[in-house]
Q: 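Just passing along the structure, written as structure tokens.
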Amino acid sequence: MKKNIVFTAVVVLFASAFVPLAKLGDSVITIFPVYDNFTIWNGLWEWRDISAFAVTYPVMLILILVFAVKEKSNVIKPLTGILFVLVFFILVSVLMTSTKVDGFEDLTFSFGYGWIVIFLGFGLLLLGLFKKSEI
């Protein structure tokens with residue numbers, strides 16, 4: 001396990017909670033409700049739909065960071081799997097919101113660059129976990 005790659009991955013994944021995952025009209029959808037996006041367009045997007053996953057997201061990242069310091073890659077691997085499942089359910093919620101928009105002609109939906117940041121973070125995390133240390 002390469003600790004510095006895992007640390008970088010955790011920082012990238014934590015930053016991904018603040019970047020736009022999607023845009024619904026003029027409003028931005030993020031993992032953390034930093035743009036006052038608890039409810040968008042009269043309930044087309046409800047942050048409470050992903051609130052359990054959004055609250056667990058930083059907890060998993062902190063646990064991964066703690067076990068990376070202790071160099072326990074056998075514990076980080078299942079935590080990474082749980083983190084992947086959390087992000088999957090967030091993606092499903094965003095996809096469900098995109099299907100609700102079809103009935104509105106004046107409302108646009110587009111995915112944001114937040115997904116690229118998330119995939120980059122997961123890639124770094126997997127690289128750090130499965131790369132052997134040269135020491």
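If you're wondering where the values come from, they're calculated on a predicted model, not measured in any experiment. As a basis for the values below, the full set of heavy atoms in this structure was taken, side chains included, without hydrogen atoms, waters or symmetry mates.
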Q: Could you tell me if the side chain of Ile40 sits less than 4.5 Å from the side chain of Thr97, heavy atoms only?
A: no
Q: Measuring only between side-chain heavy atoms, which start at C-beta, is Phe53 closer than 4.5 Å to Val85?
A: no
Q: Could you go through Trp115 and Ile118, starting from their C-alpha distance and side-chain angles, then the distance that decides it, and tell me whether this counts as side chain to side chain contact (heavy atoms under 4.5 Å, CB included)?
A: CA-CA 5 Å; Trp115 295 108; Ile118 289 173; 3.9 Å; yes
Q: Are Phe88 and Ile82 co-members of a hydrophobic cluster defined by side-chain heavy atoms under 4.5 Å apart?
A: yes
Q: Minimum heavy-atom separation for Ala68 and Val6, please, with both atom names.
A: CB-CG1, 3.7 Å
Q: Would the number of heavy atoms belonging to other residues, nucleotides or ligands and lying under 6.0 Å from CG of Asp102 be above 12?
A: yes
Q: When you compare the side chain of Trp41 with that of Val101, does any pair of heavy atoms fall below 4.5 Å?
A: no
Q: Any donor-acceptor pair under 3.5 Å linking the side chain of Tyr57 with the backbone of Val87?
A: no
Q: Rounded at 0.5 Å granularity, tell me how far CG in Leu126 sits from CD1 in Ile76.
A: 11.5 Å
Q: When you group the ILVMFWY residues by side-chain heavy-atom contacts below 4.5 Å and let the links chain together, are Val34 and Val59 in the same group?
A: yes
Q: Could you tell me which non-hydrogen atom of Met1 sits nearest to which non-hydrogen atom of Ser73, and how far apart they are?
A: SD-CB, 3.8 Å
Q: Can you confirm whether more than 12 heavy atoms, excluding those of Lys77, are under 6.0 Å from its NZ atom?
A: yes
Q: Please report the closest heavy-atom contact between Lys131 and Ile5, naming both atoms and the distance.
A: CD-CD1, 4.5 Å
Q: Looking at Trp45 and Phe38, would you say the former's side chain and the latter's main chain have a donor-acceptor pair under 3.5 Å?
A: no
Q: What heavy-atom pair brings Leu86 and Met60 nearest, and what distance separates the two atoms?
A: CD1-CG, 3.8 Å
Q: Using 0.5 Å steps for rounding, measure from the NZ atom of Lys23 to the OG1 atom of Thr108.
A: 7.5 Å
Q: For Tyr113 and Phe111: C-alpha separation, side-chain torsions, deciding distance, then whether ring pair (Phe, Tyr, Trp, His ring centres under 6.0 Å) applies.
A: CA-CA 7 Å; Tyr113 62 90; Phe111 284 98; over 10 Å; no
Q: Hydrophobic clusters here meaning ILVMFWY residues chained together by side-chain heavy-atom distances under 4.5 Å, can you tell me if Leu120 and Phe130 are in one?
A: no
Q: Side-chain heavy atoms under 4.5 angstrom apart, residues restricted to Ile, Leu, Val, Met, Phe, Trp, Tyr: same cluster for Val11 and Val66?
A: no
Q: For atom CG of Asn74, decide whether the heavy atoms of other residues, nucleotides or ligands shown that lie under 6.0 angstrom number more than 12.
A: yes
Q: Can you tell me how far CG of Leu107 sits from CG of Leu24, rounded to the nearest 0.5 angstrom?
A: 4.5 Å
Q: Which residue pairs satisfy the side chain to side chain donor-acceptor pair (under 3.5 Å) criterion with at least one member in residues 117-130, sequence neighbours excluded?
A: none
Q: Would you give the length of the straight line joining atom CG of Leu83 to atom CD1 of Ile64, rounded to the nearest 0.5 angstrom?
A: 5.0 Å
Q: Aromatic rings Phe14 and Phe32: how do their planes relate, parallel, tilted or perpendicular, breaks at 30° and 60°?
A: perpendicular
Q: Which atom names give the shortest non-hydrogen contact between Ile50 and Thr30, and what distance separates them?
A: CD1-O, 4.1 Å
Q: Could you report the tightest heavy-atom contact between Ala9 and Gly121, atom names first, then the distance?
A: CB-O, 3.5 Å
Q: When you measure from the side chain of Ser93 to the backbone N and O of Phe89, does any donor-acceptor pair fall under 3.5 Å?
A: no
Q: Could I get the full list of salt bridge (charged side-chain N to carboxylate O under 4.0 Å, His left out) partners for Lys3, not counting sequence neighbours?
A: Glu71
Q: Between Ser16 (side chain) and Leu13 (backbone), is there a donor-acceptor pair under 3.5 Å?
A: yes
Q: With clusters defined by side-chain heavy atoms of hydrophobic residues (ILVMFWY) lying less than 4.5 Å apart, directly or transitively, does Phe104 cluster with Val94?
A: yes
